[in-house]
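Taking it in order: structure first as structure tokens, then the write-up.
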Amino acid sequence: MAISLQSFGMRRSWHNINHTNNIGYLAVTTGSTEVLHEFQITPGSYSTFAALAIAMQDSITAMLPTGVSSVTVAYLTTPRTFRFTFSVVSGVTVQIKTFAIKSGALPTGVSLKGGFSDLHEILGSKPIRAVSETHAALKTVGGNLESRYPAALNTMDSIYLHLPGLETGNFMCTGHESHLVDSIRLVESSMFARIPFEQSFWNTAHEMIQFEDNGGDAFQSFLSRKSLENLEMRVTDAKGRPIGDLGDADNPFTFHVVLRFDIFTPKQGPPAEPSHGILHKPQHPPSVNHR
């Protein structure tokens with residue numbers, strides 16, 4: 001039995017800045033003591049870096065801890081980076097830290113969602129992937145904090161369709177699952193299809209995510225079974241997180257899909273004639289199966 005994806009459609013009912021990529025931390029150091037303070041960028045569909053910079057500035061300003069009086073966030077067009085300028089009292093230093101810890105203990109003050117967040121892709125920062133790491137997310141340039149790498153408006157370039165419980169015969173690297181410890185290996189996967197976006201952020205022209213097979217069976221899996229009693233399908237991001245995690249808990253995400261099932265049976269040929277112990281050469285070449 002083989003299963004093939006013929007078409008897929010889903011409304012883009014989530015923001016490019018959402019609960020999976022909007023949590024970061026101010027690391028405020030007084031003397032030799034560092035304290036982490038969480039900030040959350042307001043979820044939204046930001047279509048420009050300037051608008052995102054204002055949102056980050058507002059979110060940090062709303063929770064400025066003791067010792068930090070103000071912050072200004074600007075986007076630098078040529079290097080495509082963010083610049084953070086903090087005003088602090090004497091004896092206080094501030095840094096920004098982003099975390100992408102998959103398993104194990106989290107630093108004091110870091111929440112579960114903040115402990116594994118894709119904010120580093122938005123900021124162009126270096127994430128902390130283990131509690132033993134202490135590096136800062138951003139680099140210091142002339143007293144300001146700046147992105148190490150080009151910033152981004154979105155952390156998703158596609159969605160993934162999974163068939164849990166079925167043997168798809170597909171494999172993935174550990175980076176495609178938020179609960180797997182990263183390593184250089186492949187693991188079995190329920191991944192069935194990857195459907196890319198035409199644009200990195202939402203607008204009226206790209207409200208729908210759509211796929212139509214052109215007849216080449218781009219997404220097809222041969223199943224090691226002869227029948228199906230039920231079929232479960234899941235839509236996730238690149239790290240295996242359900243699409244529902246990208247929005248509010250009461251947001252009813254729906255999608256429409258068309259699948260084709262193919263049943264393969266062996267070709268039935270004429271019964272073999274008894275040889276009576278004598279080996280006979282065939283008089284005609286064997287037949288060829290045509291599709």
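Just so you know, these numbers come straight off a predicted model, no measurement behind them. Computed from heavy atoms alone, side chains included, the values below leave out hydrogens, waters and symmetry copies.
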As an exercise, state the distance from [atom1] of [X] to [atom2] of [Y], rounded to the nearest 0.5 Å.
X	Y	atom1	atom2	result
Arg129	Phe99	CZ	CZ	12.5 Å
Phe261	Ile3	CZ	CD1	4.0 Å
Ile101	Leu112	CD1	CG	11.0 Å
Ile41	Gln57	CD1	CD	12.0 Å
Leu138	Thr98	CG	OG1	7.5 Å

Flag for [Y]-[X]: side-chain donor and acceptor within less than 3.5 Å:
X	Y	value
Arg241	Thr236	no
Ser111	Tyr25	yes
His120	Ser125	no
Glu38	Gln40	yes

Taking the six-membered ring for Trp, is the centroid-to-centroid distance between [X] and [Y] below 6.0 Å?
X	Y	value
Phe219	Phe211	yes
Phe222	Phe264	yes
Phe8	Phe255	yes

For residues [X] and [Y], report the shortest heavy-atom separation together with the two atoms involved.
X	Y	answer
Lys97	Ala137	CA-CB, 3.9 Å
Thr155	Asn21	OG1-ND2, 2.9 Å
Val28	His37	CG2-CD2, 3.8 Å
Tyr160	Ala238	CE1-CA, 3.4 Å
Arg148	Ala136	NH2-O, 3.0 Å
Gly240	Arg234	O-NH2, 3.7 Å

Enclosure of [X] [atom1] (heavy-atom neighbours >12, cutoff 6.0 Å):
X	atom1	answer
Ile263	CD1	yes
Glu133	CD	yes
Arg80	CZ	no

Short side-chain to backbone donor-acceptor contact, [X] and [Y], under 3.5 Å:
X	Y	value
Ser117	Gly114	no
Arg11	Glu207	no
Ser147	Leu123	yes
Asp58	Ala55	no
Gln210	Gly9	no
His162	Glu232	no
Asp262	Met1	no
Thr140	Gly143	no
Asp157	Pro196	no

query = Going by heavy atoms in the side chains, are Val92 and Thr29 under 4.5 Å from each other?
reply = no
key: Within-4.5 Å side-chain heavy-atom neighbours: Asp237 and Ile159   =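 A side-chain contact under 4.5 Å is absent here.
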Applying a strict under-4.5 Å side-chain criterion to I, L, V, M, F, W and Y, I'd like to know whether [X] and [Y] cluster together.
X	Y	result
Tyr149	Leu145	no
Met10	Leu231	yes
Ile54	Phe82	no
Ile17	Ile23	no
Val94	Val35	no

request  = Among Ile60, Asn144, Thr93, Thr72, find the one that has a side chain to side chain contact (heavy atoms under 4.5 Å, CB included) with Phe86.
outcome  =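 With Phe86 as partner, Ile60, Asn144, Thr93, Thr72 yield a single side chain to side chain contact (heavy atoms under 4.5 Å, CB included), made by Ile60.
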task = Output, in order, the C-alpha distance, side-chain angles, deciding distance and verdict of salt bridge (charged side-chain N to carboxylate O under 4.0 Å, His left out) for Arg260 and Asp213.
result = CA-CA 11 Å; Arg260 191 190 76 225; Asp213 188 76; 5.7 Å; no
query = Would you call Asp118 and Lys239 a salt bridge, taking side-chain N to carboxylate O under 4.0 Å as the test?
reply = yes
message = Does Ser189 form a side chain to side chain donor-acceptor pair (under 3.5 Å) with Asn170? I'd like the steps, not just the answer.
response = CA-CA 6 Å; Ser189 171; Asn170 295 329; over 6 Å; no
task = Could you pull out all residues at least two apart from Phe49 that satisfy ring-ring contact (aromatic ring centres under 6.0 Å, His included)?
result = Tyr75
